[in-house]
Each structure stands twice: as structure tokens, then as C-alpha cells.
S.K.: 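I have a structure here, written as C-alpha cells, and I will follow up with some questions on it.
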2 protein chains.
Amino acid sequence: MARAGLTPGRIISAAADLADTDGFENVSMSAVARHFEVKDASLYAHVRNLHELRSGVAVLSLTELADQVGAALAGRAGRDALVAFADAYRSYAMSHPGRYAATQMQLEPQVAEQSAAARHAAMTRAILRGYGLNEPDETDAVRLLHSTFHGFVLLERGGGFSRGPRPASASWERVLDTLHSSLSSWPSS
Amino acid sequence: MARAGLTPGRIISAAADLADTDGFENVSMSAVARHFEVKDASLYAHVRNLHELRSGVAVLSLTELADQVGAALAGRAGRDALVAFADAYRSYAMSHPGRYAATQMQLEPQVAEQSAAARHAAMTRAILRGYGLNEPDETDAVRLLHSTFHGFVLLERGGGFSRGPRPASASWERVLDTLHSSLSSWPSS
DNA sequence: AGATTTACCTAGGAAGTCTAGGAAAGCCCC
DNA sequence: GGGGCTTTCCTAGACTTCCTAGGTAAATCT
């Protein structure tokens with residue numbers, strides 16, 4: 001009975017890889033167990049249940065995403081920061097589709113708290129600092145940015161932009177231009 | 001052995017209701033069978049498999065959404081049309097969460113073709129007619145609108161805007177203002 | 001080395017998807 | 001109104017997945 005060396009971390013990491021290759025909705029206890037050549041029951045010593053496994057992938061992905069966005073953002077401001085943020089966000093979603101899908105999960109408040117959600121919010125607000133908005137405009141702008149990025153990435157990944165000759169990247173740049181000028185000339189409320 | 005009167009249409013309609021009440025991911029053959037007080041095997045005479053059941057809900061929802069958006073759009077132009085479109089879109093998503101989730105499904109090309117996807121694209125372009133854009137600007141603008149609406153609605157429904165005192169509706173109006181002025185002063189490429 | 005803890009096992013219940021083949025309800029036609 | 005046909009729903013069962021309970025062997029501690 002050789003041991004496979006299971007730990008919560010290794011299990012969740014394997015589940016995240018599986019999400020990227022096979023889709024987040026196909027992350028199952030059985031599939032992860034097969035990957036480790038172990039019986040599915042063995043996983044329950046490390047992860048409470050399927051929901052916790054998926055939540056684990058979500059928290060991991062949120063953290064990775066925050067790390068990458070944070071790195072891309074370092075030392076930039078204004079328009080540069082906006083573009084760096086957006087590109088980091090989009091490229092994470094494109095290169096890690098399953099992990100990105102996991103970040104959409106509805107997390108229970110306490111799990112969300114322990115996750116990097118707060119860092120995401122802080123970074124988004126940091127970008128806006130360069131545009132000199134005050135509340136509640138800043139909140140509206142955060143929501144606009146987040147919505148646009150999220151929506152674009154989801155539609156692009158879902159193949160929604162595949163029709164027509166215009167590459168998605170070209171539209172993406174145009175979207176960023178538009179957001180930049182909207183933020184620059186934000187009408188005070 | 002009284003007959004339940006199953007048809008593909010009634011089954012898919014029941015599945016759509018179930019999606020709204022219990023969540024799209026909980027739409028299962030067994031659950032629909034229970035609703036009709038019928039054995040799950042009986043459904044397979046009308047619907048090929050679970051995937052086809054869900055696709056059916058997606059197509060149904062896309063059609064309903066196109067109908068409602070189309071009705072809201074009738075006789076409007078410019079900013080009015082933009083707001084009517086957006087509000088119809090958002091209100092469908094809020095009142096029919098499960099159906100809206102279904103519209104996000106990845107459909108195989110032929111199914112998507114038979115669906116109302118083309119009508120959605122046409123309506124979005126119709127709105128833009130008032131802003132006098134030319135290709136490829138129009139395509140970029142379609143993608144911007146679609147992304148923003150979609151992203152906003154998803155985040156709002158997922159509870160992403162629940163923190164803070166600012167109601168989502170207030171941000172929504174501000175987002176629409178922003179989109180309107182962006183479209184009005186779209187920089188020609 | 002012996003005791004304890006930890007990791008993984010077997011066994012099995014409950015629920016879901018889907019196939020194959022059977023019986024009965026509703027319909028057509030004489 | 002009864003015979004034959006089609007459609008509708010059934011039972012039975014194979015296979016998968018989630019998860020619990022309790023057992024055994026490996027690693028670790030003293």
C-alpha cells in the first residue's frame with residue numbers, strides 16, 4: 001500500500017489543473033482520485049466534500065490572479081495601470097479557463113473573506129486613484145471596470161466574438177481606450 | 001397507467017421553471033421526472049439526454065429574451081433605445097436567473113444557429129444605428145455593450161455588488177450614462 | 001521497538017444518467 | 001365495436017458519482 005502523498009494543497013492544485021484541461025464543471029472527487037491513482041474515498045480525509053474542493057480551487061485561483069495582476073500593476077499609474085490590469089486579468093482568464101471559471105463561484109462569506117477578494121477590490125481602487133474620483137463615483141467606476149472586463153472575457157472565451165473578421169484583441173484595445181476616456185472625463189454626480 | 005402528456009415542449013418548459021427556482025445546475029432528468037410524477041426513463045422518449053434538455057432551456061430562454069428586448073425596443077432610438085435594451089436585458093436576468101444562466105451555455109454551432117442569437121446581434125446593431133458608427137467601430141461597440149451588460153448582470157446576480165451602501169441600480173444608471181457618452185463621442189479609427 | 005497517529009483501503013448506500021425491452025393507452029379503419 | 005398499429009410510459013438493470021463507516025498498513029514519536 002504505497003502512499004500517494006496526498007495533502008489538501010496537492011489535491012486542490014490537481015483539481016485546478018483538471019479544471020483548466022477538462023472544464024471546471026468536470027472537477028469531481030472521482031476524477032481527482034483517478035489522477036492520483038487512489039480511491040475516491042481516500043480524498044475525504046483531506047477535503048470535506050466536493051463543494052470544499054471547488055471552493056479551494058476558487059480561493060487558489062483568486063489568489064493567483066491577484067498575484068499576477070498585482071505584479072503587472074507594480075510601478076504603473078493612470079492609463080498604463082488600467083491597461084496592465086486589464087491585460088493581466090484577460091490573459092489569466094485565457095490561459096487558465098477552468099481556474100477563471102472557479103473565481104465566478106458563489107463563495108460563502110467567510111470563505112470569500114479569507115480569499116483574495118479584498119486585494120482585488122483594493123487594486124481596482126488603486127487604479128482609479130489616478131483619475132481622481134470621489135464616492136460614490138469611485139464605486140460606480142469599480143463596478144463598470146469589473147463588469148466590462150468580466151463580461152468581455154466570458155464572451156470571448158465562450159466564442160461569442162468568433163463571428164466576423166474583427167479579432168477580439170482589437171476590440172479589447174478599443175474597449176480599454178473607451179474606458180480610459182470615460183474615466184478621464186467622468187461627470188461628477 | 002394514466003398518461004402525463006409529455007412533449008418536448010412541456011418538458012423543456014418545466015425544466016426552465018425548475019432552473020429559475022432551483023438553479024440551472026440543478027436541472028436534472030430526475031428532477032423534471034419528479035415534477036411530472038413520472039419515471040426518469042420516460043423522458044428519454046422526448047429528449048435525447050440531459051445535455052439536450054439543457055440546450056433546450058437555453059434556446060427557449062434566448063428566444064424569450066429576444067422577444068422581451070425586441071418589445072422594449074420598439075419605437076425607440078438613440079439613448080432611449082440603449083436604456084430600454086439594457087433594462088430589458090437586466091430585468092430578464094433578475095426575474096429569470098436560471099433561464100439567464102442557461103443562455104450562458106456553450107451551444108454547439110448548429111443549435112446556436114437555430115436559436116435567437118442572430119436576433120440579439122441584430123438588435124444590438126439596431127441600437128447603434130443612432131450613433132452613426134462604421135465598421136469596424138460598430139463591431140467593437142457591439143462587443144463593448146454586450147460585455148458590459150453581461151458582466152454587470154452576472155456580478156450583480158452573484159452578489160458581487162452587495163458590499164457597500166451604493167445600490168446596484170444607481171451604478172447601473174451611471175454605467176448606461178457612461179456608455180451613452182462613449183458611443184456619442186466614439187473616436188473614429 | 002512499541003505505541004500512536006496518519007494515510008489509504010474495502011464495502012456499501014443513495015442518487016443520478018441512460019439503455020433495452022415490455023405493457024397498456026389511444027388512434028385508425030373496417 | 002373489435003383488430004391492429006403507434007405512441008407513451010413502465011420495469012429492470014448497468015454504470016457513474018458522492019459520501020460514510022470502519023479496517024489495515026505505513027510513517028512518526030517516545
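None of the values given here were measured: they were computed from a predicted structure. Here is the naming used below: chain letters follow the sequence lines, and residue numbers restart at 1 for every chain.
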S.K.: Quickly work out the A:Lys39 NZ to D:dT17 P distance and round it to whole Å.
M.R.: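 It works out to 12 Å between those atoms.
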S.K.: With nearest nucleotides of DNA chain C determined for A:Ala45 and A:Asp40 from heavy-atom distances, which residue corresponds to the more 5′ nucleotide?
M.R.: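 Closer to the 5' end of DNA chain C: A:Ala45.
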S.K.: Rounded to whole Å, how long is the line connecting atom CG of A:Asp22 with atom P of D:dT17?
M.R.: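 Distance, rounded to whole Å: 12 Å.
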S.K.: Find which nucleotide of DNA chain D each of A:Tyr44 and B:His46 is nearest to by heavy atoms, and output the residue with the more 5' nucleotide.
M.R.: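 Of the two residues, B:His46 wins.
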S.K.: Would you say that more than 12 heavy atoms from the other residues, nucleotides or ligands in this model lie under 6.0 Å from the CD of A:Glu37, or not?
M.R.: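 Incorrect, the count does not exceed 12.
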S.K.: Taking the six-membered ring of B:Phe24, is NZ or CZ of B:Arg54 closer than 6.0 Å to its centre and within 45° of its axis?
M.R.: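 Yes, B:Arg54 and B:Phe24 form such a contact.
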S.K.: For the pair made of CZ in B:Arg54 and C1' in C:dG16, what is the distance, rounded to whole Å?
M.R.: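 In whole Å, C:dG16 C1' and B:Arg54 CZ are 11 Å from each other.
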S.K.: To the nearest angstrom, how far is A:Ile11 atom CD1 from C:dT6 atom P?
M.R.: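 To the nearest whole Å, that distance equals 16 Å.
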S.K.: D:dC18 phosphate, OP1 or OP2: any side-chain N/O from A:Ser30 under 4.0 angstrom?
M.R.: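 Checking A:Ser30 against D:dC18: at least one side-chain N or O falls below 4.0 Å of OP1 or OP2.
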S.K.: So, applying side-chain contact (heavy atoms from CB on, under 4.5 Å) with B:Leu128, which one of B:Leu82, B:Leu183, B:Asp137 is it?
M.R.: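 Of the listed residues B:Leu82, B:Leu183, B:Asp137, the side-chain contact (heavy atoms from CB on, under 4.5 Å) partner of B:Leu128 is B:Leu183.
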S.K.: Between the side chains of B:Arg125 and B:Glu135, is the shortest nitrogen-to-carboxylate-oxygen separation below 4.0 Å, so that they form an ion pair?
M.R.: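 Salt bridge: yes.
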S.K.: Just the rounded figure in Å: distance from C1' of D:dC19 to CG of A:Leu53.
M.R.: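 Between C1' of D:dC19 and CG of A:Leu53: 14 Å.
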S.K.: Identify which nucleotide among D:dA21, C:dT17, D:dT17 has an atom closest to any side-chain atom of A:Arg34, counting heavy atoms from C-beta outward.
M.R.: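 Looking only at side-chain atoms, A:Arg34 lies closest to D:dT17.
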S.K.: Separation of A:Asn26 atom CG from D:dC18 atom C1', in whole Å?
M.R.: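 Those two atoms, CG and C1', are 15 Å apart.
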S.K.: Which label fits B:Tyr89 and B:Phe149: parallel for a plane angle under 30°, tilted from 30 to 60°, or perpendicular past 60°?
M.R.: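 Ring orientation, 0 to 90° scale: tilted.
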S.K.: Under 4.0 Å, heavy atoms only, any strand: does A:Ala41 hit a base, just the sugar-phosphate, or nothing?
M.R.: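 Counting heavy atoms under 4.0 Å across all strands, the contact made by A:Ala41 includes a base.
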S.K.: Within this structure, what is the CE-to-P distance between B:Met29 and D:dC9, rounded to whole angstrom?
M.R.: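 Answer to the nearest Å: 14 Å.
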S.K.: Give the rounded distance in Å between these two atoms: CD of B:Glu25 and P of D:dT17.
M.R.: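 Value for this atom pair: 19 Å.
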S.K.: Applying a 4.0 Å non-hydrogen cut-off, can you work out what B:Ser42 is touching in the nucleic acid: base, sugar-phosphate, or nothing?
M.R.: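 Base, at least one base atom sits under 4.0 Å.
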S.K.: Heavy atoms from C-beta onward define the side chain here; which of D:dC9, D:dC18, C:dT17 lies closest to that of B:Val38?
M.R.: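 The closest nucleotide is D:dC9.
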